[in-house]
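Along the sequence shown, residues are numbered consecutively beginning with 1.
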Amino acid sequence: MKKIFPYSFMLLALVCSCSKLEETPYSSIYTDNFYKTAEDAEAALAAVYTELADLYAGPSALIVPDFSADQIYPRPVVGRDTYTLFSFDPQYSAAASYSRTNESPVDIWNNCYSGIENANWLLMKLPQTNMSNETRKRQIFGEAYFMRAFYHWFLTKNFGDIVVRTKPSQTIEDAYVGKSVKADIYKQIYADLDSAEAALPAYSASLVKGRPCKEAAAALHAKAALYGEDWALALQEAKVVLTSASGVGLLDNVLDVYDVTKEDAARRENLWAFEAESIVNGRSSQIMSLYGPPNSAAPAYGNTSYGSAFAYQSFFDSFDPKDKRRQLMDTSYSNKQGVIIHQAAITPITKQGVLVRKYADKNSNGGSHATNIPILRVADVYLIAAEAEARIMVHLPSLISILIR
């Protein structure tokens, strides 16, 4: 006991001394030590965009809608065939057990709400941030509002009634917010996009890539209004884009939209895209690897591809052979020896395998490609305007009868 006592006393003294220790945390961005400078503001904005990169890297933002639209189907792969499982597995146990939640709807939920949380902190703290460049500060506000609107819209598009969050979680109690109905969700989205349009610069060729412009905000506004069934608003915002004098418009060749060597020129149609980068420490997406032929067999598609997903033959056949969009798919490919591999041998699961080549990048860095992934295109806006105008015309007779009464 005489030998034990000194050590017990030392332990007691250590515990007592630690209880009096007070230390100011310096690593948390949620403290008053951050959001002080222009560099802090830019870093906080980068955190908002990071969730977008996670969303498209997965790439749940692409495969969930593609599979849901019956355009694409997966190839069963040992231990990774989770694409079709998440729809029937409410706990995502299959996806989680193979670390494939990034390919499931839960990835959309997680990344969007993380992006909203980061945007809320930025919007709350930015007014007190010391920035000499007021123009840039205004633009940061616009980008944060735009991104918060995008994340909320992407969530409600996929999940219906959702939780709308406009304040950061400063306490545990802040984390508990009830779901909002559709009308209130879109009301918030429209308000954020009004703020974004007022603060963002018009499109120009010198705009920093990956950042939204005023026309991109209007395009998202139009698209959200279409989903929100506000046809007049959708048409109004679509016209903002289509009548813009800043240089946005359709490319002469639709294939150029997905040409990695022409991405700078393509931004006049690609109003806003996930700017994939194949450089070291860049952010890319695994979508090219999933859609390319198995065993990295076709150099034109990229240096690494798995043959994990293919387009349906019926989807390929729905395009006129003269339609250039059909060239973004293929029923044959040239292998590393220059031998043409015909459709029947593309994949062992079917004789009608159709390759998706719109994300192909022959100079990919392994599975990382630099082909941009369009999110908002001028072509989309034309379709939105046409749909909204058609809806208005359908409802016009009933509106006239109401006015006559």
#### Entry: Heavy-atom closest contact (Thr371 atom, Ala276 atom, distance)
O-CB, 3.5 Å
### Message
Could you tell me if the side chain of Ile108 sits less than 4.5 Å from the side chain of Asn111, heavy atoms only?
### Response
no
### Message
For a 4.5 angstrom cut-off between non-hydrogen side-chain atoms, does Tyr56 reach Ile287?
### Response
no
### Query
Closest approach of Ser285 and Ile373, non-hydrogen atoms and distance?
CB-CD1, 3.9 Å
### Task
Taking the side chain as every heavy atom from C-beta outward, state whether Gln128 and Tyr35 have any pair of such atoms under 4.5 Å apart.
no
### Message
For the backbone of His369 and the side chain of Ser284, can you confirm whether one donor and one acceptor N or O come within less than 3.5 Å of each other?
### Response
yes
### Message
Could you check whether atom NZ of Lys157 has more than 12 heavy atoms from other residues, nucleotides or ligands sitting under 6.0 Å from it?
### Response
yes
### Crowding at CG, Asp161 (>12 non-hydrogen neighbours, <6.0 Å)
yes
### Query
Does Tyr306 offer a backbone N or O that forms a donor-acceptor pair with the side chain of Ser289 under 3.5 Å?
no
### Query
Are Arg391 and Glu387 ion-paired here, with the side-chain N under 4.0 Å from a carboxylate O?
yes
### Over 12 foreign heavy atoms within 6.0 Å of NZ, Lys179
no
### Task
State plainly whether the residues Lys223 and Glu237 are in salt-bridge range, i.e. N to O under 4.0 Å.
no
### Query
So, Arg268 and Glu215, do they make that salt bridge, N to O below 4.0 Å?
no
## Note on the structure
ring pair (Phe, Tyr, Trp, His ring centres under 6.0 Å) with Tyr73: of Phe67, Tyr312, Phe315, only one passes, and it is Tyr312
### Task
Answer yes or no: is there an ion pair linking Lys209 with Asp264, defined by an N-O contact shorter than 4.0 Å?
no
### Query
Roughly how far, to the nearest 0.5 Å, is the CG atom of Asp330 from the CZ atom of Phe310?
12.5 Å
### Task
Check for a donor-acceptor pair, side chain of Ser364 on one end and backbone N or O of Asn303 on the other, with a separation under 3.5 Å.
yes
### Message
Any non-hydrogen side-chain atom of Cys213 less than 4.5 Å from a side-chain atom of Leu200?
### Response
no
### Task
Indicate whether the side chain of Ser60 and that of Asp107 have a donor and an acceptor atom separated by less than 3.5 Å.
yes
### Task
Give a yes or no on whether the backbone of Gln313 and the side-chain of Gln352 come within a donor-acceptor separation of less than 3.5 Å.
no
### Query
How long is the span from the OH atom in Tyr258 to the CG atom in Leu255, to the nearest 0.5 Å?
10.5 Å
### Task
Apply the test side chain to side chain contact (heavy atoms under 4.5 Å, CB included) to residues Thr156 and Lys182: give CA-CA distance (whole Å), side-chain angles for both, the deciding distance (0.1 Å), then the verdict.
CA-CA 8 Å; Thr156 191; Lys182 180 178 179 179; 5.6 Å; no
### Task
Write down the atom of Ala41, the atom of Thr129, and the distance for their closest heavy-atom approach.
CB-CG2, 4.2 Å
### Query
Just by distance, do the side chain of Ser278 and the backbone of Asn365 share a donor-acceptor pair under 3.5 Å?
no
### Query
Is a side-chain donor-acceptor pair under 3.5 Å present for Asn120 with Arg148?
yes
### Query
Side-chain donor-acceptor pair under 3.5 Å between Glu143 and Tyr49, yes or no?
yes
### From CA spacing to verdict: side chain to side chain contact (heavy atoms under 4.5 Å, CB included), Thr331, Leu355
CA-CA 6 Å; Thr331 54; Leu355 294 167; over 6 Å; no
### Query
Below 6.0 angstrom between ring centroids: does that apply to Phe150 and Trp272?
yes
### Message
Can you tell me which residue among Tyr190, Trp153, Tyr186 is in a ring pair (Phe, Tyr, Trp, His ring centres under 6.0 Å) with His221?
### Response
Tyr190
### Asn110 backbone acceptor or donor facing Ser114 side chain under 3.5 Å
yes
### Message
Is it the case that atom NZ in Lys239 sees more than 12 heavy atoms from other parts of the structure closer than 6.0 Å?
### Response
no
### Message
For the NZ atom of Lys187 and the CG atom of Asp230, what is their distance to the nearest 0.5 Å?
### Response
13.5 Å
## Note on the structure
Rounding to 0.5 Å, atoms OG (Ser169) and CD (Glu117) come to a distance of 4.0 Å
### Message
Under a 3.5 Å threshold, yes or no: a donor from one side chain and an acceptor from the other, between Asp184 and Gln188?
### Response
no
### Query
Just wondering, do Pro168 and Met124 contact through their side chains at under 4.5 Å, heavy atoms?
yes
### Query
Short question: side chain of Asn372, backbone of Pro374 - any donor-acceptor pair under 3.5 Å?
no
## Note on the structure
Closest heavy-atom pair, Leu123 versus Phe141, reported as atoms and distance to 0.1 Å, is CD2-CD2, 3.7 Å
### Query
Just by distance, do the side chain of Asn270 and the backbone of Ala273 share a donor-acceptor pair under 3.5 Å?
no
### Query
Does Glu197 pair with Lys214 as a salt bridge, N-O distance under 4.0 Å?
no
### Query
Thr37 and Glu39: side-chain donor and acceptor closer than 3.5 Å?
yes
### Query
Distance-only, no hydrogens or angles: does the Arg377 side chain make a donor-acceptor pair with backbone N or O of Glu269 under 3.5 Å?
no
### Task
Show your reasoning for whether salt bridge (Lys or Arg N to Asp or Glu O under 4.0 Å) applies to Glu277 and Arg283.
CA-CA 5 Å; Glu277 298 288 353; Arg283 297 304 303 271; over 6 Å; no
### Message
For Ala149 versus Ile189, what's the shortest heavy-atom pair and its separation?
### Response
CB-O, 4.0 Å
### Task
Verify side chain to side chain contact (heavy atoms under 4.5 Å, CB included) between Lys36 and Asn130, making sure each step is shown before the conclusion.
CA-CA 6 Å; Lys36 293 291 188 181; Asn130 183 21; over 6 Å; no
### Task
Report yes or no: is the cationic atom of Arg165 (NZ for Lys, CZ for Arg) under 6.0 Å from the centre of the six-membered ring of Tyr113, at an angle within 45° of the ring normal?
no
### Message
Between Leu250 and Tyr382, is there a side-chain heavy-atom distance shorter than 4.5 Å?
### Response
yes
### Task
Answer yes if the side chains of Asp66 and Tyr291 hold a donor-acceptor pair under 3.5 Å, and no otherwise.
yes
### Query
If you count the non-hydrogen atoms of other residues, nucleotides and ligands that lie under 6.0 Å from CG in Asp320, is the total more than 12?
yes
### Message
So, taking the atom named CH2 in Trp109 and the one named OH in Tyr151, what distance separates them when rounded to the nearest 0.5 Å?
### Response
15.5 Å
### Message
I'd like to check Val356 versus Lys358 (side-chain heavy atoms, cut-off strictly below 4.5 Å). Are they in contact?
### Response
yes
### Query
When you look at Ile116 and Met147, which way does the side chain to side chain contact (heavy atoms under 4.5 Å, CB included) test go after all the steps?
CA-CA 8 Å; Ile116 290 170; Met147 292 303 300; over 6 Å; no
### Lys262 bridged to Asp256 by N-O distance under 4.0 Å
yes
### Task
Any chance you could measure Lys137, atom NZ, to Thr135, atom OG1, to the nearest 0.5 Å?
12.0 Å
### Query
Looking at Ala144 and Leu122, what are the two nearest heavy atoms and their distance?
CB-CD2, 4.0 Å
### Task
Using a cut-off of 6.0 Å, state whether more than 12 heavy atoms not belonging to Arg325 lie near its atom CZ.
no
### Query
Is it true that a side-chain atom of Arg138 and a backbone atom of Ala198 form a donor plus acceptor pair closer than 3.5 Å?
yes
### Message
Is the shortest side-chain heavy-atom distance between Arg136 and Glu42 below 4.5 Å?
### Response
yes
